[in-house]
Amino acid sequence: MRIATWNVNSLRSRIDRVEAFLERHDVDVLAVQETKAREDQLPLMGLQARGYDVAAHGLDQWNGVALISRVGLEDVSVGFPGQPGWGDPGVVEARALGATCGGIRIWSLYVPNGRKPDDPHYVYKLDWLSRLREASAQWLDTPTALVGDWNICPTDDDVFDVAQFKSSTHVTPPERAAFQRFLDDGWAEVTRAHAPGYTYWDYYRQRFERDRGLKIDFVLGSAGLAERVTGAFIDRDERAGQGASDHAPVVVDLTDAPR
DNA sequence: ATGGTAGAGTGTCTA
C-alpha cells in the first residue's frame, strides 16, 4: 500500500495537480492539508471518477484537512478528544481528520503554525500538540500513522538557515520538545531515513530554485505501522514550475500486513 | 525590522 501526505495550499486551485499526482505515483491514500474549501466546495468529481472516496472537514478558509482513499474510508472522525475551538466560541477548528483506510488508522494533521513565539497562537500550537499526544497514546498499539504538516523543524538540519529563524516559530525548544515527546512515546518518524531533504519552500525569493526550505512534513508511525515501511520519497518535481503548492508531497510505501 | 508571493475572496488575513 502506498500512502502520501501533501499540504496542497487550496484543493480547488490544485485539483488537476492532485489528480495527476495520484495517477503518476499510484497512490492509495492521500492525506491533504490546507484544503481551503468548505465541504460543499470540494472538487469531488474527478477523484470519485478515479475510484477515490473523500472525507474532508474545513470550517474556515485556511486550515481544512482531508483524506482521499481508494482502499476504504471507515470510522471517519474530525479532531480528537480534548481538541478545543479556536476563534469563534464553540467552534472546533478543522486540523485533524482520521479514518481507517486499508486496515490502518491514518490521521491527516495540520499542526497550528504558531505565527510568532509571542503570539497567543503559539501557545495554542503547543497546547494542541499536547492534546494530540494525549489522544494518540491510545492508538500506539494499532497500525496508525500521524501524517501531515507538523510545522516544526525537529533539527537544525531541517532549516536552510537557522540564524534566520532564531526568533521564529518552527525551531524553538518548546516546539522541538513537543515533537520529541511523540518519539519518546513510541512513535517513529518513518520518512527521514529514506527521504532526506526539505518538504516546504516559501513562494518568495525563489526559495525552491535555491533549495532554501524546511523539513516540516512528517509521517509518524506506531510500531505496527513502522515495521511495514519499505521506502519513502519526497516528490520534489511536484514543487517545481507554475501552479505548485509551496509544499512537496511525501510518499510512503508499506508492505501487506503480516498474517 | 521589513518585504517578498500565493490563496482565500473583496477587507485583509493567513501562511
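Protein chains get the first letters and strands the later ones, always in sequence-line order, with residue 1 at the start of each.
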- Item | Connected hydrophobic set around Val250(A), excluding itself, where side chains approach under 4.5 Å | Ile234(A)

- Residues forming a ring-ring contact (aromatic ring centres under 6.0 Å, His included) with His25(A), sequence neighbours excluded: Phe21(A), Phe233(A)

- Task: Report the distance from atom NE2 of His247(A) to atom C1' of dT5(B), rounded to the nearest whole Å.
- Result: 14 Å

- To the nearest Å, how far apart are Phe208(A) CZ and dT5(B) P? 18 Å

- Message: Using side-chain heavy atoms (C-beta onward) and a distance below 4.5 Å, is Leu146(A) in contact with Val219(A)?
- Response: no

- Query: Of Leu11(A) and Tyr110(A), whose closest DNA chain B nucleotide lies nearer the 5' terminus?
  - Reply: Leu11(A)

- Query: Between dG7(B) and Arg12(A), is there an OP1 or OP2 to side-chain N/O distance shorter than 4.0 Å?
  - Reply: no

- Asn63(A) has an atom CG; how far is it from atom P of dC13(B), in whole Å? 16 Å

- From dA8(B), dA15(B), dT5(B), pick the nucleotide closest to the side chain of Tyr203(A)? dT5(B)

- Tell me whether the OP1 or OP2 atom of dG9(B) has a side-chain N or O from Gln41(A) closer than 4.0 Å. yes

- Query: Counting only heavy atoms not in Asp256(A), do more than 12 fall under 6.0 Å of its CG?
  - Reply: no

- Atom CD of Gln164(A) to atom P of dG4(B): distance rounded to whole Å? 15 Å

- Message: Measuring only the C1' atom in each nucleotide, how far is dT14(B) from dG4(B)? A whole number of Å is fine.
- Response: 15 Å

- Query: Can you tell me if the side-chain N/O atoms of Arg207(A) get under 4.0 Å from OP1 or OP2 in dG4(B)?
  - Reply: no

- Item | Between P of dA8(B) and CD of Glu34(A), the distance in whole Å | 11 Å

- Whole Å only: how far is the OH atom of Tyr200(A) from the P atom of dT14(B)? 16 Å

